Amino acid sequence: MASLNVGGLGEYLREQRRNAQLSLRQLADAAGVSNPYLSQIERGLRKPSAEVLQQVAKALRISAETLYVRAGILDAERDRDEVETRAVILADPTLTERQKQVLLQIYESFRKENGFGGTEDGEVDPAVPEPGTEPSTSKGGRPAERPGREAGGDDSGPRRTAG
């Protein structure tokens, strides 16, 4: 079987595993993958999925993003800012889950508008729900108010009257 070009992922994983003083079998058990499969990844014979990389990163207590870059899943320069922005939004304890999802939708729409957004080949980003998947009504069944507006008012500022 020919070796795949996965950007030094296998060597990097082996180095991280050894630094963590884990055997191949221990890491495989901790990551929930088979010993032979992990061995093939380390030798560059298999390209793991993002899910497997995330499990391995968690077991090694390292950044999954680093593994994604080394595996060629993420472009280090282009995608780092987007990944970090999403992570900061999702980690903010002052926002509700609904607010986080709305903010991510807005962020993605601005990226698309500026020519940077979207996933390739029409894939749907699992971190951002499809528009319309969450109800847009308040508890009383009325349309939900937009943030920053009071019910019945508008945000156009003071009005001048002729006189």
Side-chain angles (χ1 to χ4, degrees), residues 1-137 139 144 147:
M1 190 179 279
S3 179
L4 299 173
N5 180 12
V6 289
L9 174 67
E11 295 89 15
Y12 181 76
L13 280 177
R14 182 177 293 122
E15 178 183 320
Q16 294 302 309
R17 178 176 59 78
R18 289 179 177 160
N19 287 344
Q21 298 180 340
L22 293 172
S23 70
L24 193 63
R25 186 173 309 279
Q26 288 171 320
L27 179 56
D29 288 344
V33 298
S34 74
N35 190 37
Y37 182 59
L38 185 57
S39 174
Q40 290 174 341
I41 294 169
E42 281 194 1
R43 291 182 290 145
L45 301 176
R46 297 270 182 182
K47 183 175 181 179
S49 68
E51 292 80 17
V52 168
L53 288 175
Q54 186 173 18
Q55 292 170 262
V56 170
K58 186 176 179 182
L60 287 170
R61 297 182 180 176
I62 61 174
S63 164
E65 180 186 3
T66 302
L67 297 184
Y68 296 159
V69 169
R70 289 191 178 261
I73 295 171
L74 283 181
D75 174 39
E77 298 302 317
R78 188 188 63 172
D79 294 333
R80 178 167 287 137
D81 289 341
E82 179 184 1
V83 169
E84 288 176 357
T85 301
R86 289 177 180 277
V88 167
I89 291 169
L90 292 171
D92 189 332
T94 64
L95 299 175
T96 67
E97 289 305 311
R98 172 74 177 135
Q99 290 168 332
K100 291 175 186 179
Q101 294 306 316
V102 169
L103 194 51
L104 287 171
Q105 286 177 331
I106 293 167
Y107 175 68
E108 186 61 30
S109 72
F110 284 149
R111 287 181 50 80
K112 285 179 183 174
E113 186 177 304
N114 294 333
F116 295 100
T119 53
E120 294 179 18
D121 302 325
E123 293 177 5
V124 175
D125 186 340
V128 181
E130 286 291 313
T133 58
E134 297 219 5
S136 61
T137 58
K139 289 181 182 176

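In what follows, residues are counted from 1 in the order of the sequence shown. Treat the numbers as computed from the prediction; the structure is a model and nothing was measured.
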Give, for atom CZ of Arg18 and atom CD of Glu42, the distance between the pair rounded to the nearest 0.5 Å. 7.5 Å
Contact summary for Ala28 and Leu38, nearest pair of heavy atoms: N-CD2, 3.5 Å
Taking everything shown except Gln54 itself, do over 12 heavy atoms lie less than 6.0 Å from its CD? no
So Asp92 and Leu103, do their side chains get closer than 4.5 Å, heavy atoms only? no
When rounded to the nearest 0.5 angstrom, what is the spacing between CG in Asn35 and CG in Leu24? 4.5 Å
We want to know whether Ser63 and Glu65 form a side-chain donor-acceptor pair, criterion being a heavy-atom distance below 3.5 angstrom. no
Take Glu97 and Lys100 through the test salt bridge (charged side-chain N to carboxylate O under 4.0 Å, His left out) and record every step on the way to the result. CA-CA 5 Å; Glu97 289 305 311; Lys100 291 175 186 179; 3.3 Å; yes
Closest approach of Ala57 and Ala64, non-hydrogen atoms and distance? CB-CA, 3.6 Å
Please list, chain by chain and in numerical order, all residues satisfying salt bridge (Lys or Arg N to Asp or Glu O under 4.0 Å) with Lys58, sequence neighbours excluded. none
Please tell me if the side chains of Pro48 and Val33 come closer than 4.5 Å, counting only heavy atoms from C-beta onward. no
One pair to check against side chain to side chain contact (heavy atoms under 4.5 Å, CB included): Arg86 and Glu108. What are the steps and the verdict? CA-CA 10 Å; Arg86 289 177 180 277; Glu108 186 61 30; 2.5 Å; yes
Approximate separation, where rounding is to 0.5 Å, of Leu95 CG and Gln101 CD: 11.0 Å
In Å and rounded to the nearest 0.5 Å, what is the CG to CG distance from Leu13 to Leu53? 7.0 Å
Evaluate the criterion side chain to side chain contact (heavy atoms under 4.5 Å, CB included) for residue pair Leu104 and Leu90; output intermediate values, then yes/no. CA-CA 9 Å; Leu104 287 171; Leu90 292 171; 3.6 Å; yes
So which atom in Gln16 and which in Ile62 form the shortest heavy-atom distance, rounded to 0.1 Å? OE1-CG2, 3.7 Å
State the CZ-OG distance between Arg25 and Ser39, to the nearest 0.5 angstrom. 10.5 Å
Contact check, side chains of Arg17 and Gln26, non-hydrogen atoms, under 4.5 Å: no
Nearest 0.5 Å, what's the OH-CD1 distance between Tyr107 and Ile89? 7.0 Å
